[in-house]
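For reference, the structure discussed in these notes is given below.
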Amino acid sequence: QVQLLESGGGSVQAGGSLRLSCEASGFPFSSYCMAWFRQAPGNEREGVAAIDRDGSTIYVDSVKGRFTISKDNAANTLYLQMNSLKPEDSAMYYCAADLFPPTVPAGLLVSEYANWGQGTQVTVSS
């Protein structure tokens, strides 16, 4: 049974940093594509960053240069380092995982992921 448990959210001032973690269990972590999504009230869930099996990464344009996704296969843990936070980054952040076909790279579409955590709240004040 796939389980994803996010942590590390909180309240920070604009310009601050947070590091989110997602502890995974119940599946071969290194074989799955992993991603972070976020959803603010009234908005659709959007992909923030994804990391492929080989460690390659993609980001939504709004976080490029500020956020870094990484993973520790030995610890079955996904991370999102968030720097230079802005009020518009405020949202519930979700960890997602799925087994992609070998030739399909990790993506940022909600429909590509079947496994989700319960989320961790990030609030950035101006």
Quick one: does [X]'s side chain get under 4.5 Å of [Y]'s, heavy atoms only?
{"X": "Leu20", "Y": "Gln81", "value": "no"}
{"X": "Tyr94", "Y": "Arg38", "value": "no"}
{"X": "Asp89", "Y": "Arg66", "value": "yes"}
{"X": "Ser17", "Y": "Met82", "value": "no"}
{"X": "Cys95", "Y": "Leu4", "value": "yes"}
{"X": "Trp116", "Y": "Arg45", "value": "yes"}
{"X": "Ile69", "Y": "Trp36", "value": "yes"}
{"X": "Thr68", "Y": "Tyr59", "value": "yes"}

Quick check against the 3.5 Å criterion: does [X] have a side-chain atom that pairs as donor or acceptor with the backbone of [Y]?
{"X": "Glu6", "Y": "Gly119", "result": "yes"}
{"X": "Asp72", "Y": "Thr77", "result": "no"}
{"X": "Lys71", "Y": "Asp52", "result": "yes"}
{"X": "Asn43", "Y": "Ala40", "result": "no"}
{"X": "Thr120", "Y": "Gly9", "result": "yes"}
{"X": "Ser30", "Y": "Asn73", "result": "no"}
{"X": "Ser90", "Y": "Glu88", "result": "no"}

Taking the six-membered ring for Trp, is the centroid-to-centroid distance between Tyr113 and Phe37 below 6.0 Å?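 Under 6.0 Å, so yes.
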Is there a chain of hydrophobic side chains (I, L, V, M, F, W, Y, each step under 4.5 Å between heavy atoms) that links Val48 to Leu85?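 Linked, Val48 and Leu85 end up in one cluster.
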According to a hydrophobic-cluster definition based on side-chain heavy atoms being under 4.5 Å apart (Ile, Leu, Val, Met, Phe, Trp, Tyr only), do Val104 and Phe27 belong together?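 Per the 4.5 Å side-chain linkage, Val104 and Phe27 are not co-clustered.
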